[in-house]
Structures are given as structure tokens and as C-alpha cells.
Novice: 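I am attaching a structure below and will ask some questions about it afterwards.
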Amino acid sequence: MQDMNLTGLFIDLMGRLGLNYEFLATGYEAQIWRDGFITTLYLVAVTIPVSLIVGLIFAACLTSGRLWLSAPVRGFVELTRNTPTLVQLMFSFLVLNTVVSNMLGGAQNNPLSPFFWVVAVVGLHVAALHAEAIRGGIEAVPSSMIEAARGMGFSQFEILRYVQIPLAFRASLPAIVNGLISLVKSTTVGNAIAVSEITYASIMVWTQRDNVVELMIVLLAFFSLINFVVARVGSWVERRLAIPGYGL
Amino acid sequence: MTASTATETGAAIVKLEDVHLSFGQTEVLKGIDLTINKGDAVSIIGPSGSGKSTILRCINALVTPQSGKITVAGTRVDQLTKESERIQLRKRVGIVFQQYNLFPHLTVLDNIVLAPTKILGADRTATVKLARELLEKVRLSEKADAYPGQLSGGQQQRVAIARALAMKPELVLFDEVTSALDPETVGEVLWVIRDLIRDGMTSILVTHEMRFAEEISDTVVFTENGRIVDHGSPQQIFHTTDNPRIRQFVGGLSGGGRGAVRDGEGI
């Protein structure tokens, strides 16, 4: 087969450079590794929108002026910003997940997978960072502009929806992109609770094959590529949303 | 024609009775009585901090006085308790501010179309047509697709007026709309307002443009220290008043050539 020949060629070529990629020719380990890439991409693709949507909701709560909305979010933001993501993940999986299992009468009834907990913990952690950035943007909208909108009959929510968020999103976009880049890297914490993303899969392979350097090269290139794409998309959006004649 | 004559309640569109308002310890309005009839143009003049802008904000329910009665187009504004009721009132009363406050992320056309379509639920096609007519009226048809940041102050203020008119308000409040403009562009904004008043739009203006106030007003109101010191026809306030304070204020502001230059040229 064409595919096998290409793989064989690659293994042979790398072998001449002293790099051992022989596991690619095996069925089992190559499969684990390929699935690891897909799981990481899947994690990133799900967690990014979760972080953005929750971040927006958090920012709206923080700036609502209603204590029952802002106080719990403020507490959560402080907690999640100031503690390690890995600890949060372990706490969520080992404590919260167990509580859920007990409530549902056993782990076999618990629909929440380790994958879910990575999305939830990393997504909410980055959402807290987004929220702070967006909050800054919302509060930077001049009060005279808000009064003008009120004077026209906009409700508080409509001002948020049509005036504050469009302006705040533009102002906070560089910070949001930074948050997303850190999100991509943070998905690797999944390996602590056996989510078979690419670092977990790589560890599985290199403990058998002793080819850490070879897999590291690919790992680093892989994450660099994802974040290169994230940064490029970010600057594309920034250019698209640029307001002519305005500072943002 | 004249303000504060309580007998003409039939045609009154705005009526303030003994309105008192304080911000914290500061008493801003100390008993304002004012009646404005439909179709009238009323100018409120007076020194800074005399409560002029606060009167406008009371009429539009942007601030709520501690006591007194405010009736606007049949609504007892002082009795509104819910924000949703105040919003209903604001949709009927246009207000234009000193700082234009256009939405910088929207084109001129979208600035005008946003509120009628999103807030009033008006049909977009019809609203775009109306917006283009209004832009024609304020002589900015060619700027429909420009962003506010690309316009001069005078142009932005004319868009702000068109934006207020797109809500089809029953009256329009102008809060020192030319104060932030450079002298050369004041004229183009006043031209638009003059046109609007000639069309019969009920207008209340807080202004420092004395020549303009004299020219377009049916009634001029002079405020100082939270009270209405006097009101009457432009002739009365600007020329025949016995009140030394008003004579001093009016003379000090419009005596020089500045008013004439700002008002007259470029129109």
C-alpha cells in the first residue's frame, strides 16, 4: 500500500538520522499515538468555545452591578486564578466526580468522563481569565456613551449586548488570544487523569520504546503548530473587527 | 406660546411642578415649575451648574427627582417605579448630548438603524429607508457607510440628531449639543436644529448659543442655582428684562461678535 510505503520510507529516513520511529510500523502503539493527536485536537476544539461562552457570561455577571450575580463569580474567578489547574483537575475528578457517582448510585451510572472533567476544569479556568479581560473592556466604555444609549431606551442588557460587549471584545482580543494559547497547552493536564491525549499517548509509547527525544520533537512541533494557527486566527479576527478611525 | 402658564394644560406636552432634586448633599433643583406646549421650541439658558441639564434628564427619566410632579406626553414620570416603564418613556423622548456618543463600532447608517430595529422592533428595510431620508435631512447622505471616527465633530453631532429622530420621538431634548464643537462646525448643527423646529418638532434646548436661542425659541427660560429666575419671549429675556442678573449674563455672553459668527456663517 502507498501509505505503508510512505511510513516505511519515513522510518528508514529517520533511522539514518539516528531517530527511532519504528513503532509507527506496529499496529497497536501507532494507533494509540494517532488517537492521542485526535483527542488533543478534539479537546482544544471543545474547550475553546466553552471558555469563550462562559468567559462572556462571567464578565456580564461581574459587571452587572448585582451582588448575587457578581459575588459568586468573583469568588470563583479568584479561586481558579490563584490555584494550579492540575490541582483543580485532581480535586474535580477525585472529589466532585466521586460525589456525583455516589449520588447516582455507583460509578457505572456516572455519565461524566475524564474527558468531560478536563473540558470543564480547563475551560472554566481560562474562562476566568477571559472574564477579567472582557470586564476591563466593558468598564472602559465611557459612561456618557452608556447614558446616551439609556436615553434612547436601551435596557441594561441591550446596552451590554449591542454596545459594551462589541467594544469590550475588541479591546480584550489580544488578552483573549493569550488565554486561548495557554488553554491549548493546559489540555495536557488531562494525562494526570488518564485522558489519552497526545502527551499521555506519547508517555505510553516511550515507556515501551525508549524514544523520548523522537516523540518530544513531534510533541513540541504539534503544539507549536496549533498555537501558531490560534494566533493567526486571532490576528485575522482582530483585523476584521478593527474600527476605522477608532483607537481599537 | 409661553411657558409656565398652567391654564394651557390641554396642549402641554411637558409639565414640571415644584421639582426638587439632590445628588447626595448637593441640591441641584430647588423647585422647578415649567410648562412646555406641543410644537414649542424652548431654550434653557443660565450659568454652568444651574441645573439646566438636570432638567432635561428629569424629563427623560434618566434621573428621578426627590419630589414634585413631572408629566411628559401624558405620562407621570415621577410616578414611574420600574426601569421598564422609564424605558417606554425614553423611547418617545429623544435626547442628544454634548459628546454625540455615537457607537464607534457601527457605521453611520447602522447607528441610526440599531435602536428602531432592536428596541422598537421596527422593520429593517423601512428603517434603512427612513435613516437615508434623515441623513439627507442632515446633509450627510454620502457618509452613510462611514464610521463615526472618520467624521468631524459637527458631522457626528448631526448623525446623533438623525439617530434620535429615527425613533420618531414626540419631543427632542438637546443638551448643549454645540458646546464640544469648534466654532466653524457649530453652524451646520444649528442649521439642522433650526430646520427641525420649523418642521414643528417640540424641542427643548440647553444652550449657550444666545443668538440662536433668541432666533428660534418661542420661550426662553433663565435658570440659576436650581431655580427658574425668569422666563418669557426671547424679546423679554434678551432685551426688555428688568432683572439685572439676566441682563448681566446675556450681555456678557452675546454682546461680543462670537455669537454672530458662530450662528450665521456657513449656513
Side-chain angles (χ1 to χ4, degrees), chain A residues 56 59-60 63-70 133-176 234-248, chain B residues 53 56-57 59-63 82-108 110-121 143 145-152 155-156 160 163-167 169 172-175 180:
Chain A
L56 206 57
T63 56
S64 67
R66 295 183 173 89
L67 200 64
W68 60 275
L69 280 175
S70 62
I134 298 169
R135 180 188 62 82
I138 287 175
E139 286 172 356
V141 175
S143 59
S144 64
M145 195 179 294
I146 291 163
E147 188 185 38
R150 278 182 71 214
M152 291 166 70
F154 283 78
S155 69
Q156 193 190 348
F157 178 77
E158 286 162 341
I159 294 173
L160 187 72
R161 160 83 179 75
Y162 295 113
V163 184
Q164 288 174 299
I165 286 181
L167 292 172
F169 184 69
R170 287 168 167 91
S172 54
L173 204 52
I176 288 176
S235 41
W236 177 78
V237 173
E238 225 169 296
R239 277 198 310 279
R240 276 295 305 267
L241 294 180
I243 304 169
Y246 194 67
L248 293 175
Chain B
S53 295
L56 294 190
R57 281 167 173 74
I59 294 170
N60 202 18
L62 282 170
V63 293
K82 293 196 206 104
E83 183 65 8
S84 59
E85 295 169 338
R86 297 193 188 99
I87 286 171
Q88 287 309 318
L89 176 84
R90 290 183 202 131
K91 289 175 185 171
R92 297 158 54 203
V93 181
I95 184 162
V96 184
F97 295 93
Q98 183 178 337
Q99 291 297 341
Y100 351 120
N101 293 314
L102 296 179
F103 305 131
H105 59 296
L106 300 178
T107 62
V108 163
D110 284 335
N111 259 282
I112 301 173
V113 167
L114 181 69
T117 52
K118 302 297 181 190
I119 312 300
L120 298 180
K143 297 291 186 188
D145 297 321
Y147 284 82
Q150 299 169 311
L151 304 182
S152 72
Q155 291 171 329
Q156 290 191 53
R163 183 174 70 168
L165 295 178
M167 297 289 279
V172 183
L173 316 173
F174 296 93
D175 186 12

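If you're wondering where the values come from, they're calculated on a predicted model, not measured in any experiment. The sequence lines fix the lettering, A, B, ..., with proteins before strands; numbering per chain opens at 1.
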Novice: Assess whether side-chain contact (heavy atoms from CB on, under 4.5 Å) is satisfied between A:Phe154 and B:Leu114, documenting all intermediate values.
Specialist: CA-CA 10 Å; A:Phe154 283 78; B:Leu114 181 69; 3.7 Å; yes
Novice: Which one of A:Gly151, A:Gly153, A:Ser155, A:Pro166 has the most heavy-atom pairs closer than 4.5 Å to chain B?
Specialist: A:Gly151
Novice: Answer with side chain, backbone, both or neither: which region of B:Val93 has an atom nearer than 4.5 Å to a non-hydrogen atom of chain A?
Specialist: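 For B:Val93, the contact with chain A is made by the backbone alone.
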Novice: Between A:Met152 and B:Ala115, which heavy-atom pair has the shortest distance, and what is it?
Specialist: CE-CB, 3.5 Å
Novice: Looking at A:Pro244 and B:Gln150, what are the two nearest heavy atoms and their distance?
Specialist: CB-NE2, 3.2 Å
Novice: Heavy atoms only: give me the nearest A:Ile243-B:Pro104 pair and the separation to one decimal.
Specialist: CG2-O, 2.8 Å
Novice: Between B:Gln99, B:Lys91, B:Met167, B:Lys118, which shows the greatest number of heavy-atom pairs under 4.5 Å with chain A?
Specialist: B:Lys118
Novice: State whether the side chain of B:His105 and the backbone N or O of A:Leu241 hold a donor-acceptor pair below 3.5 Å, judged by distance alone.
Specialist: no
Novice: Tell me, side chain or backbone of B:Leu102 under 4.5 Å from chain A's heavy atoms, or both, or neither?
Specialist: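 B:Leu102 touches chain A through backbone heavy atoms alone.
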Novice: Going through the checks in order, is the side-chain contact (heavy atoms from CB on, under 4.5 Å) test met by A:Glu158 and B:Ile119?
Specialist: CA-CA 8 Å; A:Glu158 286 162 341; B:Ile119 312 300; 3.2 Å; yes
Novice: Using heavy-atom distances under 4.5 Å, tell me whether B:Arg57 contacts chain A through its side chain, its backbone, both, or neither.
Specialist: side chain
Novice: Can you tell which of B:Ile95, B:Asp175, B:Ile87, B:Leu62 has the highest number of heavy-atom pairs within less than 4.5 Å of chain A?
Specialist: B:Leu62
Novice: Below 4.5 Å from any heavy atom of chain B, which atoms of A:Gln156 appear? Answer side chain, backbone, both or neither.
Specialist: neither
